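All values derive from a computational prediction rather than experimental measurement. Naming: A, B, ... by sequence-line order, numbering from 1 per chain.
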Protein chains: 2
Amino acid sequence: MKANIYDIANKAGVSTATVSRALGDKQNSVKPETREKILKISEELEYRPNSLAKNLAKKTTSAIGLVLPEIQGDFYNQIIKGVDEIAFSGGYHLIVASSHSKRNIVESLLGFMHESLVDGVILMIPSMNNQLEEVLSNYKIPIVIMNDIQAYKKYDIVCIDNYQGAYSIIEYLIKSLNHTKIAMIAGPAGNHDSQMRKKGYISALKNAGIKIRKDWIIEGDFTTKGGELACSRILSLKEKPDVIFAANDNMAAGCYNVAESLGFNIPNDISIVGFDNIELGSYLRPKLTTVHVPVSEIGKISTKVLINRLHNKDDNSVEPQNIKISTGIIIGDSVTKNNYLDHNIRGKK
Amino acid sequence: MKANIYDIANKAGVSTATVSRALGDKQNSVKPETREKILKISEELEYRPNSLAKNLAKKTTSAIGLVLPEIQGDFYNQIIKGVDEIAFSGGYHLIVASSHSKRNIVESLLGFMHESLVDGVILMIPSMNNQLEEVLSNYKIPIVIMNDIQAYKKYDIVCIDNYQGAYSIIEYLIKSLNHTKIAMIAGPAGNHDSQMRKKGYISALKNAGIKIRKDWIIEGDFTTKGGELACSRILSLKEKPDVIFAANDNMAAGCYNVAESLGFNIPNDISIVGFDNIELGSYLRPKLTTVHVPVSEIGKISTKVLINRLHNKDDNSVEPQNIKISTGIIIGDSVTKNNYLDHNIRGKK
DNA sequence: CTCCATAATGTAACCGCTTACATTTGTAAA
DNA sequence: TTTACAAATGTAAGCGGTTACATTATGGAG
């Protein structure tokens, strides 16, 4: 039978309070010899604290909930890994939930937050909606959001600088590689990160004096399959772009699939650019040019922010933080350098 | 302030017991109108049960712990997804822990099992050792192990049939493609799954009357980097094999990297075979020939077995199960067909 | 109308731990 | 030896539910 503090208290001839203090308290509120004795007995009895009881009494759980739209794929993986690492080293357990397929994310959230299973939640959502906002505003355990949502100033937000990431790689395509005919496979319209990436793309083109062509912006869904569909649509256009900028690497991978099956050579016939720099990208041939996103860093920083909140729970003076993580560019072999000659020739095709 | 059953009881003019029954009990032990009223009030008060208290009183947690050696990579991802799916639909929460890098898995396990955070554990370990065995045998919440460990009959085990998987793909290489010169990059020596794969490889060769060459069996570590190292060692041998059988796809991917950088053409100069059929494999070019492992199925079945145990906790009559999931072969383009002529020519090189 | 089985509800102990407050013990100064 | 105060320990009330058992209400049979 599992031993509890009563057993220890009995055997040691002290009260449960002393046992509790000997085992838990940081301050030396117990005489060293007593503590010694208690420790020894708890060893003998193979005592393991019941954290349920502990949490109930303490009104905390030492657990962090992580709610993701998906649990599969390198991207989410990295997030989980980052969160896990910091959570663990901060003494927190991690409960992961995905809102995949039939479950709606709100329900998932409710489950987490309201049943006091967790002290705080790290949340990545495809998009904010009214229902969700109501849920979030109703329940007051700390939340950190990992989406590029500027509108919601009342939450801590940690995300990558999607706008800057998209802007800079498009700028690179234009200024360094002389490209002008750049199409985009955007992410789902409702998705905030996706919106910012699109904005970055548009701004970069505009600032370079390039006209935006609506027919060169296709909406995808961040999946490989979606990338395939979008890509085949682009490649069947009468007037084709030279470069396809996919809003994430998965969709870029979809482009590779389609290009291959249609007999398009990358980058000679069509250049491909991705976003995220997930592991998969490094296996694509030619190597994918993409925006580097320090994904696990997002998880890590979010967790730090959350734990920080948890440690200063009463202190409401700290303003919600809005942390943007900057991106980099990974130069692969999936984009041609378009010198003017080339460009003209191609233009005349 | 969060409402509890006392608040509801007060407002409804009943006792907490009645509230508890109205909210929880399946049997109609409460008068419909009373239940109605209580339900309504609990709505008004936005009552959310405190599962900590519930679990403490009920002595269960409705949570399943999943302990993995790693949390990153498509393979583990699939596992998590499978477990998550079944756990959720069975009304269980999922707590994921990885034993990665500095943490040792035993410690992680201890944390989980002993603090009564979970009702049961699903466990994947790199290898069984004495320390771990002691931990496992000491604490008596249900455990399902996802490794190919025959020696430990007392646990429920769900794993793939590594032996058969390796055996059959080697047999395929030999009988259908006429290969005889097959090297293997094995997994870590301590790893049980890895050992079984190696056994399958050896048996298949032996049964076909092919001599085992020790210098053609190199130990890897299941990582891409490890695959690279092993592959470059093989490719620098005086007498090279025609086929490299990597014990998992990650290492096969490493072979691709090395082959590419050394100028070897796959499959003409060297054929590559993998194991696992993770998503990554489908992006390799030429497409990887590999052993299909229904990874998420492992997670699903393990979880079913565990939940089954949890539901029949008192019933010790059920013998530990040992479920082996069979594999298949994915035929890609990474292996040549070796007809005799070819073979001889190549042999003379 | 009384009686009694049964349905409905209430009482209170318990799950295992924490912690505010009370009490006892120890020790150095007076 | 007292006194005074700090250190060590004990007491007991929660935390928010569940549930065995006790009690009360209900309604049909006699």
To the nearest angstrom, how far is A:Lys31 atom NZ from C:dT25 atom P? 11 Å
When rounded to whole Å, the CG to P distance for the pair B:Asp7 and D:dG16 reads 9 Å
Less than 4.0 angstrom from a charged side-chain N to a carboxylate O is my criterion; do B:Lys11 and B:Glu44 meet it? yes
Per A:Thr34 side chain, nearest of listed nucleotides D:dG16, D:dT18, D:dA8: D:dA8
Rounding to a whole Å, what distance do you find between B:Ile5:CD1 and C:dC14:P? 17 Å
If you compare every side-chain N and O of B:Tyr47 against the phosphate oxygens of D:dG17 (OP1, OP2), does one of them come in below 4.0 Å? yes
Any side-chain donor-acceptor pair under 3.5 Å between A:Asn50 and A:Asn4? no
When rounded to whole Å, the CD to P distance for the pair A:Glu33 and D:dA7 reads 16 Å
Roughly, in whole Å, what's the span from CG in A:Asn55 to P in C:dT19? 12 Å
Comparing B:Ala57 with B:Val30, nearest DNA chain C nucleotide closer to 5' gives the residue B:Val30
Without swapping roles, check the side chain of A:Asp156 against the backbone of A:Gln321 for a donor-acceptor pair under 3.5 Å. yes
Could you state the CG-C1' distance from A:Leu52 to C:dT18, rounded to the nearest angstrom? 15 Å
A:Ile86 vs A:Tyr92 side-chain heavy atoms within contact, under 4.5 Å: no
Main-chain N/O of B:Val14 paired to B:Thr18 side chain as donor or acceptor, under 3.5 Å: no
Tell me whether the side-chain N/O atoms of A:Lys59 come closer than 4.0 Å to OP1 or OP2 in D:dG14. no
Between B:Arg35 and B:Leu56, name the one whose nearest nucleotide on DNA chain C is closer to the 5' end. B:Arg35
DNA chain D-proximal residues of residues 11-21 of chain B, any heavy atom under 4.0 Å: B:Ala17, B:Ser20, B:Arg21
In degrees, rounded to 10°, what is the bend between the two ends of the helix from C:dC1-D:dG30 to C:dA30-D:dT1, using five pairs at each? 60°
Donor-acceptor pair, distance only, cut-off 3.5 Å: does the side chain of B:Thr303 make one with the backbone of B:Gly299? yes
Can you tell me the distance, in whole Å, between the CG atom of A:Asn50 and the P atom of D:dG17? 17 Å
Does B:His192 offer a backbone N or O that forms a donor-acceptor pair with the side chain of B:Asp148 under 3.5 Å? no
Kindly point out which of C:dT19, D:dC15, C:dC17 is positioned nearest to the side chain of A:Lys58? C:dT19
Salt-bridge criterion met for B:Asp7 and B:Lys2 (N-O under 4.0 Å): no
Spacing of A:Lys54 atom NZ relative to D:dG16 atom P, expressed in whole Å: 18 Å
For residues A:Leu306 and A:Asn308, determine if any side-chain heavy atom of one lies less than 4.5 Å from a side-chain heavy atom of the other. no
